[in-house]
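Presented below is the structure to which this report refers.
Predicted model only: the values in this text are computed from it and were never measured.
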Amino acid sequence: MPKPENLTAEQLVTAGIRLLEALSAAPGQRIARAEAARMLGVRPDDVDAVVETVSALSDRTSGARAAISVANGEIRLQGEAALLSPRRFTMEEALVIAHVLDALDIDAGTRGRIRDAVMPYIVEADAQGTRVAEPARYGSWFTALAEAIEDGIRCRISYRALGEDAPSGRLVDPMLISDEDGASYLVGWDVEKDAERRYRLDRIAGVSFTDDSVDRHPQVHAGTAESLRASGRAARLVAADAGLVQRLDWAGIGEIEVLPDGRCAFTLWYSSDAWLFDQVLSAGGDLVIEGPGALREGLAAYADGLTR
């Protein structure tokens, strides 16, 4: 009679997750050993291997492990560290998960089970077949960046900033990924500039891991407005009225002043001259640059180039 084959590593991990789910739902977090074998669809002799696998897994950040034991024909989960609680994802979180699942080299069955478990309410398309939302905002390097953040790996990224024609290299210690104002950003520490910076994911053209680990930096995690104030340029603009300023959704607006003639002056922190010139020109005279003088001259030259 042939000897039964041992469970593969993937089967052990899958069975371990199912065991944690069952223990989390069981009264007192206890299950009979024989019942666990039946529920997992494994031999009774394999239960110990599943428990050992679960016990060996640890959280990468904290190092915490599941306190799980087998004694007197019973499997017991101690404490709350390994309890599996339901998680409701936002639409943005679910779209990121969908993007990551598509990028990972896992079999279709496993991918489908994960989708069904964590994203049962996500609608992929509307009645006309058009996708409700696209993961394009997360770019092509979300998976690599998430791994670098989790494992503390210093990266070299190829990044095209607003107004640049081609990407250029940055040496970055990645900190976190943030969603703000309809865009997603990598918040990281620019090693060469020794300062925190934000990089839009859809402008990252490449990511490579270095052999170095990240250094720990003060985590400011400034929003877009704070980041522009720290690393951008400042211009003084005048709008035709306060209503126009209120309709602008630019993150870098500050120091607003209503003038005696009803116009509204404000300071704008920005990162690209070309972007600012386009906004001023599209306002059709309702928005003018008051200073600095060199920027006014730059606008004139930019407009002249467009007419040519």
Would you mind writing out the side-chain donor-acceptor pairs for residues 258-267 within the sub-3.5 Å range, not counting sequence neighbours?
unit_1: D261; atom_1: OD1; unit_2: R263; atom_2: N; d: 3.1
unit_1: D261; atom_1: OD2; unit_2: R263; atom_2: NE; d: 2.8
unit_1: D261; atom_1: OD2; unit_2: R263; atom_2: NH2; d: 3.4
unit_1: T267; atom_1: OG1; unit_2: R236; atom_2: NH1; d: 3.1
unit_1: T267; atom_1: OG1; unit_2: E255; atom_2: OE1; d: 3.0

Looking at [X] and [Y], would you say the former's side chain and the latter's main chain have a donor-acceptor pair under 3.5 Å?
| X | Y | value |
| --- | --- | --- |
| R18 | M39 | yes |
| D173 | D215 | yes |
| R33 | V47 | no |
| D151 | I153 | no |

message: Strictly below 4.0 Å, N to O, side chains only: are R200 and D202 in salt-bridge contact?
response: yes

- prompt: Does the side chain of Y270 come within less than 4.5 Å of Q279's, by heavy atoms?
  reply: no

L145 and L201, any side-chain heavy atoms less than 4.5 Å apart: yes

task: Quick one: pull up CG in L281 and OH in Y302 and give me the separation to the nearest 0.5 Å.
output: 7.0 Å

message: Can you tell me how the ring of Y159 sits relative to the ring of Y199, calling it parallel under 30°, perpendicular over 60° and tilted otherwise?
response: perpendicular

- line: For A235 and L276 the tightest heavy-atom approach is CB-CD2, 4.1 Å

Passing candidate, side-chain contact (heavy atoms from CB on, under 4.5 Å) with P174, options I157, V207, L186, V187: L186

- prompt: L12 and I31: same hydrophobic cluster, using ILVMFWY side-chain contacts below 4.5 Å?
  reply: yes

